[in-house]
Amino acid sequence: MRITFVLPMFLSAPAGGFKVVYEYANRLQARGHEVTVIHPRNVQPQPGWREAIKSFLWPYKLRWQNRPLIKWFQLAPEVSVRLVSDLRESNLPSADVIIATAFQTAFAVNEFGAEKGRKFYLIQHFEDWTGDSETVRASWQLPMHKIVISRWLLDLANEWGENSNASYIPNGLNFSEFYLTRPIEARDYPLVAMMTHTLPFKGTADGLEALRLLRERLPQAKAILFGVGPRPAEAPAWCEYVQLPTLGELRDIYNKAAVFLFPSISEGWGLPAMEAMACGCAVAAAENQGIRDFAQSGVNALLAPVRQPAVLADHLYQLLTNHALRARLATSAAESVRHFTWERAVKSLEELLSNASLTLPSNQAS
């Protein structure tokens with residue numbers, strides 16, 4: 001099959017949703033498909049000769065500034081990466097399948113003719129942080145088949161009448177990247193790892209407050225924070241910070257830490273928590289929707305209600321002072337996430353995309 005993924009932009013720094021698309025692109029290409037990943041400068045065409053010049057120069061500027069173009073992910077050279085000015089139909093190749101990957105791209109893809117491929121929409125979150133809720137919801141009701149990554153997103157699709165027009169394919173994890181390098185039992189020290197983010201719903205403020213409360217009860221506690229941007233101004237001086245860690249550095253952070261703190265209020269999936277689990281961390285997390293597919297409190301994690309940093313702090317204290325509990329939960333976590341393989345996810349997606357009997361909306365007649 002000729003498969004086109006349509007991203008909403010180009011990013012020079014890591015992002016979980018983009019990583020999922022790149023993983024699919026690599027693995028579908030390896031299975032013999034012809035994969036193209038589209039990165040537009042703008043979703044909609046912009047008027048004016050200045051914008052036309054900027055759009056013409058944009059791909060050359062990006063390729064000159066970034067060598068390789070995508071530094072943070074090793075995209076297979078056989079995957080075609082296209083930098084386009086906007087999502088006009090003429091800027092995209094003919095294909096058998098086209099997959100929108102964000103609500104902005106869904107509206108554009110919905111307007112394309114049949115020669116661009118059978119239309120699918122990969123939904124990784126309810127993206128109301130970049131658009132108003134009604135517009136995002138309207139994208140879910142466009143006449144294309146939805147692919148959702150978690151059960152709470154499937155529940156939303158069903159609630160909005162998309163029962164027969166949505167498929168659940170949970171994310172995988174690359175276990176050649178995230179694995180144990182340090183024994184779980186040997187981590188009998190109070191070191192916590194946490195990812196920081198500028199978006200409020202990622203819960204960084206709650207996480208930092210939980211660390212502050214933990215330190216009051218356990219003065220020897222330490223933390224290593226990491227993120228894409230600069231060190232958060234609110235981060236305590238006793239917390240180490242790593243900006244834009246490489247894959248090797250990230251794996252090392254997860255393997256150093258005894259506990260991973262995941263305070264996010266809302267997640268499509270919660271990929272960092274699953275990465276940490278695969279590397280032997282016990283997880284103390286807010287029970288956001290996207291962690292429920294692979295985490296169960298008391299079984300392979302300790303989960304707190306969202307926006308409850310005091311409860312998170314108590315869970316951190318329990319895990320860092322009760323080594324038997326920490327080791328039991330971390331061991332269970334490392335074993336349970338092994339079920340989420342990319343091989344399973346890609347096979348499920350391939351079968352869905354190639355299913356000629358799949359009932360697609362009437363506007364997709366080829």
Novice: Can you confirm whether the side chains of Ser336 and Asn300 place a donor and an acceptor under 3.5 Å from each other?
Specialist: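 There is such a pair (donor and acceptor under 3.5 Å, judged by atom type) between the side chains of Ser336 and Asn300.
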Novice: With a 6.0 Å cut-off on the ring centroids, do Phe178 and Trp342 count as close?
Specialist: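 No - the distance between ring centres of Phe178 and Trp342 does not fall below the 6.0 Å cut-off.
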Novice: Decide yes or no for Phe120 and Leu352: does some side-chain heavy atom of the first lie under 4.5 Å from some side-chain heavy atom of the second?
Specialist: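 Heavy-atom side-chain distance check passes, below 4.5 Å.
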Novice: Within the supplied structure, the quantity of interest is the number of heavy atoms (other residues, nucleotides, ligands) at a distance under 6.0 Å from Lys222 NZ; does it exceed 12?
Specialist: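 Atom NZ in Lys222 is not crowded, with 12 or fewer foreign heavy atoms closer than 6.0 Å.
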Novice: For Asn91 and Leu87, indicate whether the former's side chain and the latter's backbone hold a donor-acceptor pair under 3.5 Å.
Specialist: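 No.
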Novice: Give a yes-or-no answer on whether the side chains of Asn165 and Glu162 include a donor-acceptor pair shorter than 3.5 Å.
Specialist: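 Yes - a donor-acceptor pair under 3.5 Å links their side chains.
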Novice: At what distance, to the nearest 0.5 angstrom, does CH2 of Trp152 lie from CD of Glu267?
Specialist: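 Going from CH2 on Trp152 over to CD on Glu267, the span is 9.5 Å.
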Novice: Could you give me the CA-CA distance, side-chain angles and deciding distance for Tyr241 and Phe226, then say whether ring pair (Phe, Tyr, Trp, His ring centres under 6.0 Å) is met?
Specialist: CA-CA 5 Å; Tyr241 184 74; Phe226 63 91; 8.4 Å; no
Novice: Does OH belonging to Tyr189 count more than 12 external heavy atoms closer than 6.0 Å?
Specialist: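 More than 12 heavy atoms, drawn from other residues, nucleotides or ligands, come within 6.0 Å of this atom.
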Novice: Please determine whether salt bridge (charged side-chain N to carboxylate O under 4.0 Å, His left out) holds for the pair Glu343 and Arg27, giving the CA-CA distance in whole Å, both sets of side-chain angles, and the decisive distance to 0.1 Å.
Specialist: CA-CA 8 Å; Glu343 290 73 18; Arg27 294 167 188 273; 3.4 Å; yes
Novice: Within this structure, what is the CG-SG distance for the pair Leu329 and Cys281, rounded to the nearest 0.5 Å?
Specialist: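 SG of Cys281 is found 12.5 Å from CG of Leu329.
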Novice: Distance alone, cut at 3.5 Å: any donor-acceptor contact between the side chains of His323 and Glu185?
Specialist: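 Checked: His323/Glu185 side chains show no N/O donor-acceptor pair below 3.5 Å.
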Novice: Among the clusters formed by ILVMFWY side chains lying less than 4.5 Å apart, do Leu142 and Leu153 turn up in the same one?
Specialist: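 Linked within one cluster.
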Novice: Measure from NZ or CZ of Arg41 to the centre of the six-membered ring of Phe10 and say whether it is under 6.0 Å with the direction within 45° of the ring axis.
Specialist: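 Verdict for Phe10: no cation-pi partner in Arg41.
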Novice: Can you name the nearest heavy-atom pair linking Ala257 to Val192, along with the distance?
Specialist: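 Residues Ala257 and Val192, closest heavy atoms: CB-C, 4.4 Å.
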Novice: Measure across Ala284 and Leu316 and return the closest heavy-atom pair with its distance rounded to 0.1 Å.
Specialist: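 Taking every non-hydrogen atom into account, CB-CD2, 3.9 Å.
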Novice: When you measure from the side chain of Lys119 to the backbone of Phe112, do you find a donor-acceptor pair of N or O atoms at a distance under 3.5 Å?
Specialist: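 Answer holds: yes.
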Novice: Could you pull out the closest heavy-atom pair between Ile265 and Pro200, with the gap in Å?
Specialist: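 Heavy atoms of Ile265 and Pro200 come nearest at CD1-O, 3.9 Å.
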Novice: Decide salt bridge (charged side-chain N to carboxylate O under 4.0 Å, His left out) for Lys19 and Glu23; before the verdict, give the C-alpha distance in whole Å, the side-chain angles of both, and the deciding distance to 0.1 Å.
Specialist: CA-CA 6 Å; Lys19 184 175 184 179; Glu23 286 280 4; 5.3 Å; no
Novice: Taking the side chain from Ser150 and the backbone from Gly268, do they hold a donor-acceptor pair closer than 3.5 Å?
Specialist: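 Checked: pair present.
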Novice: Are Phe73 and Val35 joined in one hydrophobic group, where the rule is that I, L, V, M, F, W and Y side chains link up if heavy atoms are under 4.5 Å apart?
Specialist: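 Yes: a chain of side-chain contacts under 4.5 Å links Phe73 to Val35.
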Novice: If you take the centroid of each ring, where Trp contributes its six-membered ring, are Phe201 and His125 closer together than 6.0 Å?
Specialist: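 Under 6.0 Å, so yes.
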Novice: Are the side chain of Arg307 and the backbone of Asp206 linked by a donor-acceptor contact shorter than 3.5 Å?
Specialist: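 No: the side chain of Arg307 does not pair with the backbone of Asp206.
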Novice: For the pair Thr331 (side chain) and Arg328 (backbone), establish whether a donor and an acceptor sit closer than 3.5 Å, ignoring hydrogens and angles.
Specialist: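 Between the backbone of Arg328 and the side chain of Thr331 there is no qualifying donor-acceptor contact (under 3.5 Å).
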Novice: Is Arg212 paired with Glu209 through a side-chain N to carboxylate O contact shorter than 4.0 Å?
Specialist: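 A salt bridge is present here (some side-chain N lies under 4.0 Å from a carboxylate O).
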Novice: Let me confirm one number: the CG-CZ distance from Asp252 to Arg182, rounded to the nearest 0.5 Å.
Specialist: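 One gets 6.5 Å once the value is rounded to the nearest 0.5 Å.
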Novice: Checking Glu350 against His33 for the side chain to side chain contact (heavy atoms under 4.5 Å, CB included) test, could you report, in this order, the C-alpha distance in whole Å, the side-chain angles of both residues, the deciding distance, and whether it holds?
Specialist: CA-CA 10 Å; Glu350 183 182 48; His33 303 287; 2.6 Å; yes
Novice: Is the centre of the Trp72 ring less than 6.0 Å from the centre of the Tyr22 ring?
Specialist: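 Yes, ring centres under 6.0 Å apart.
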Novice: When you group the ILVMFWY residues by side-chain heavy-atom contacts below 4.5 Å and let the links chain together, are Leu199 and Leu244 in the same group?
Specialist: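 Each belongs to a different hydrophobic cluster.
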Novice: Kindly work out whether a path of hydrophobic side-chain contacts (I/L/V/M/F/W/Y, heavy atoms less than 4.5 Å apart) joins Phe56 to Val43.
Specialist: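 As far as the 4.5 Å side-chain criterion goes, Val43 and Phe56 are not connected within one cluster.
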Novice: Measure across Ser264 and Val306 and return the closest heavy-atom pair with its distance rounded to 0.1 Å.
Specialist: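 Distance-wise, the nearest heavy atoms are O-CG1, 4.3 Å.
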Novice: Ser94 versus Arg2: any side-chain heavy-atom pair under 4.5 Å?
Specialist: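 Ser94 vs Arg2: side chains touch.
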Novice: Do Asn288 side-chain atoms and Ala286 backbone N/O form a donor-acceptor pair below 3.5 Å?
Specialist: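 It does hold such a pair.
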Novice: Tell me if the CD atom of Gln44 is crowded by more than 12 foreign heavy atoms within 6.0 Å.
Specialist: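 No, not enclosed.
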Novice: Let's go through Arg82 and Leu92 carefully: what are the C-alpha distance in whole Å and the side-chain angles of both, what is the deciding distance for side chain to side chain contact (heavy atoms under 4.5 Å, CB included) to 0.1 Å, and is it a yes or a no?
Specialist: CA-CA 9 Å; Arg82 288 203 186 186; Leu92 278 77; 6.0 Å; no
Novice: Is the backbone N or O of Gly17 less than 3.5 Å from a side-chain atom of Gln124, with the two atoms forming a donor-acceptor pair by type?
Specialist: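 Confirmed, Gln124 side chain pairs with Gly17 backbone.
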Novice: Once rounded to the nearest 0.5 Å, what's the spacing between atom CG of Leu208 and atom CG of Leu261?
Specialist: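 Spacing of CG (Leu208) from CG (Leu261) equals 8.5 Å.
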Novice: Are more than 12 heavy atoms, taken from residues, nucleotides or ligands other than Glu351, located less than 6.0 Å from that residue's CD atom?
Specialist: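 More than 12 within 6.0 Å, yes.
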Novice: With rounding to the nearest 0.5 Å, note down the distance linking CD in Gln104 to CD in Glu127.
Specialist: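 These two atoms lie 6.0 Å from each other.
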Novice: So, Asn255 versus Arg187: side-chain donor-acceptor pair below 3.5 Å or not?
Specialist: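 Per modelled atom types, Asn255 and Arg187 side chains form a pair under 3.5 Å.
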Novice: Within the side chain of Thr204, is there an N or O that forms a donor-acceptor pair under 3.5 Å with the backbone of His197?
Specialist: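 Yes; at least one donor-acceptor contact below 3.5 Å.
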Novice: Rounded to the nearest 0.5 Å, what's the gap from CZ on Arg251 to CD on Glu249? Could you check?
Specialist: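 The CZ atom of Arg251 sits 10.5 Å away from the CD atom of Glu249.
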Novice: Strictly by modelled atom types, are Tyr168 and Asp293 linked by a side-chain donor-acceptor pair under 3.5 Å?
Specialist: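 There is such a pair (donor and acceptor under 3.5 Å, judged by atom type) between the side chains of Tyr168 and Asp293.
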Novice: Could you tell me whether the side chain of Ser139 and the main chain of Ala106 form a donor-acceptor pair under 3.5 Å?
Specialist: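 Not a single qualifying donor-acceptor pair exists.
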Novice: Start with the C-alpha gap between Asp314 and Gln318, add the side-chain angles, then the distance that decides, and say whether side chain to side chain donor-acceptor pair (under 3.5 Å) holds.
Specialist: CA-CA 6 Å; Asp314 184 62; Gln318 290 181 50; 2.9 Å; yes
Novice: Going through the distances and angles, do Glu275 and Leu250 end up as a side chain to side chain contact (heavy atoms under 4.5 Å, CB included)?
Specialist: CA-CA 9 Å; Glu275 293 170 352; Leu250 182 57; 3.9 Å; yes
Novice: Write down the atom of Ile147, the atom of Leu349, and the distance for their closest heavy-atom approach.
Specialist: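 Distance-wise, the nearest heavy atoms are CD1-CD1, 3.6 Å.
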Novice: Using 30° and 60° as the class limits, which term best fits the ring planes of Phe18 and His39: parallel, tilted or perpendicular?
Specialist: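 Answer is tilted, since the angle falls between 30° and 60°.
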Novice: With side chains defined as the heavy atoms from C-beta onward, is the minimum distance between Ser167 and His145 less than 4.5 Å?
Specialist: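 Yes - at least one pair of side-chain heavy atoms lies under 4.5 Å apart.
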Novice: Can Glu287 and Ser297 be said to form a side chain to side chain contact (heavy atoms under 4.5 Å, CB included), step by step?
Specialist: CA-CA 9 Å; Glu287 193 175 3; Ser297 195; over 6 Å; no
Novice: Any donor-acceptor pair under 3.5 Å linking the side chain of Asp132 with the backbone of Thr135?
Specialist: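 It does hold such a pair.
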Novice: Applying the 4.5 Å side-chain criterion to the ILVMFWY set and letting contacts propagate, would Leu271 and Leu11 be lumped into a single cluster?
Specialist: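 Linked within one cluster.
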Novice: Locate the shortest heavy-atom distance separating Ala278 from Leu173; write the atom from each residue and the value.
Specialist: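 So the minimum-distance heavy-atom pair works out to CB-CD2, 3.6 Å.
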Novice: Count the heavy atoms belonging to other residues, nucleotides or ligands that lie under 6.0 Å from CZ of Arg344, then report whether that count exceeds 12.
Specialist: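 For Arg344, atom CZ is crowded (more than 12 foreign heavy atoms under 6.0 Å).
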Novice: Can you confirm whether Glu34 sits close enough to Met1 that some side-chain heavy atom of one is under 4.5 Å from a side-chain heavy atom of the other?
Specialist: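 Answer no - side chains too far apart.
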